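Scroll down for the structure; my scribbles are underneath it.
Note that the structure is a prediction, hence the values are computed from the model and not measured. Just so you know, these numbers use all the heavy atoms, side chains as well, and skip hydrogens, waters and symmetry mates.
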Amino acid sequence: MKKKEDKGVIDVHTVGKIDGGIYKCITKDIVTDEVIITDERIQHIKERHPNDYERFCTYIPEIISVPDYIIKANKPDTAVILKENKIQGEKFKLVLRLKVEGDPAEYKNSIMTFLHIGDTTWRKLLKNKKILYRRE
């Protein structure tokens, strides 16, 4: 992750890039492919999902660049991404707010939360939520 200062107040870390072709299932108005996470969001993840960030943050670039599923979120311009690491047998859920036309200039595609999930949660999400994208 690359770290940069944003206005000297908020630490922002670049974590990767998205493929606009994949994420157009959320909106066609995506402005940038850069994805960031702030220290505030990292702290949120660490508090709400203990040890997930420390153990699995290296998977984030792959999760956002090659998602297995994108399901409908409760908020606009937001992707709920599901990814399974077949080698390790781990499953993840990541919520990504996309920067779209009309957003303030300083906004970026931003990770809102990230967590390790179990098989039951994985199956429930795929069964009960609208699937917008499925990797072939």
Closest heavy-atom pair, Lys24 versus Ile30, reported as atoms and distance to 0.1 Å, is N-CD1, 4.4 Å
His44 meets the ring-ring contact (aromatic ring centres under 6.0 Å, His included) criterion, sequence neighbours left out, with none
If you draw a 6.0 Å radius around OH in Tyr107, do more than 12 non-hydrogen atoms from other residues or ligands fall strictly inside? no
| said: Please determine whether side chain to side chain donor-acceptor pair (under 3.5 Å) holds for the pair His13 and Asp39, giving the CA-CA distance in whole Å, both sets of side-chain angles, and the decisive distance to 0.1 Å. | reply: CA-CA 8 Å; His13 310 273; Asp39 280 348; 2.4 Å; yes
Interatomic distance, CG@Asp119 vs NZ@Lys124, rounded to 0.5 Å, equals 12.5 Å
**Q.** Any Ile63 side-chain heavy atom under 4.5 Å of Asp68 side chain
**A.** no
Validation row: Gln43, Thr38 side chains within 4.5 angstrom (heavy atoms): no
For the residue pair Phe92 and Phe114, does the interplanar ring angle fall in the parallel (under 30°), tilted (30 to 60°) or perpendicular (over 60°) class? parallel
query = Are any non-hydrogen side-chain atoms of Ile70 and Val80 less than 4.5 angstrom apart?
reply = no
**Prompt:** Are the side chain of Asn109 and the backbone N or O of Glu34 linked by a donor-acceptor pair below 3.5 Å?
**Reply:** yes
Non-hydrogen side-chain atoms of Ile81 and Tyr23 separated by less than 4.5 Å
yes
Kindly say whether Leu125 contributes a backbone atom to a donor-acceptor pair with the side chain of Asn128 at under 3.5 angstrom?
no
Backbone N/O of Pro76 and side chain of Thr78: donor-acceptor pair under 3.5 Å: yes
### Query
Just by distance, do the side chain of Tyr53 and the backbone of Leu115 share a donor-acceptor pair under 3.5 Å?
no
Separation between CD1 (Ile45) and CG (Asn51), nearest 0.5 Å, reads 13.0 Å
To the nearest 0.5 Å, atom CZ of Arg41 lies from atom CD1 of Ile36 at 10.5 Å
Ile64, Ile22: one ILVMFWY side-chain cluster at the under-4.5 Å cut-off? yes
Checklist entry - Just wondering, do His116 and Arg55 contact through their side chains at under 4.5 Å, heavy atoms? => result no
_More than 12 heavy atoms of other groups within 6.0 Å of Lys91 NZ_ = yes
Taken to the nearest 0.5 Å, the spacing of Cys57 SG from Ile37 CD1 works out to 8.5 Å
request  = For the pair Thr121 (side chain) and Ile117 (backbone), establish whether a donor and an acceptor sit closer than 3.5 Å, ignoring hydrogens and angles.
outcome  = no
Minimum side-chain heavy-atom gap Leu126-Ile131 below 4.5 Å:
yes
Looking only at heavy atoms, the pair that brings Tyr133 and Pro67 closest together is CE2-O, 3.5 Å
| request: Determine whether Ile18 and Leu96 make a side-chain contact, defined as any pair of heavy atoms from C-beta on separated by less than 4.5 Å. | output: yes
By ring-ring contact (aromatic ring centres under 6.0 Å, His included), Tyr69 pairs with (sequence neighbours left out) Trp122
Separation between OH (Tyr59) and CD (Glu84), nearest 0.5 Å, reads 12.0 Å
Notebook entry, point to check: Are Leu132 and Leu98 grouped together when hydrophobic residues (ILVMFWY) are joined by side-chain heavy atoms under 4.5 angstrom apart?
Noted result: yes
- Under 3.5 Å donor-acceptor, Lys99 side chain and Ala105 backbone: yes
Short N-O contact, Arg97 and Asp103, less than 4.0 angstrom:
yes
Legend entry - Step-by-step side-chain contact (heavy atoms from CB on, under 4.5 Å) determination, Asp19 to Asp33: CA-CA 7 Å; Asp19 177 339; Asp33 62 354; over 6 Å; no
- Query: For atom CZ of Arg134, is the number of surrounding heavy atoms from other residues, nucleotides or ligands below 6.0 Å larger than 12?
  - Reply: no
- Item | Side-chain donor/acceptor of Lys83 to backbone N/O of Val66, under 3.5 Å | yes
So do Val95 and Ile111 actually touch side chain to side chain, heavy atoms under 4.5 Å? no
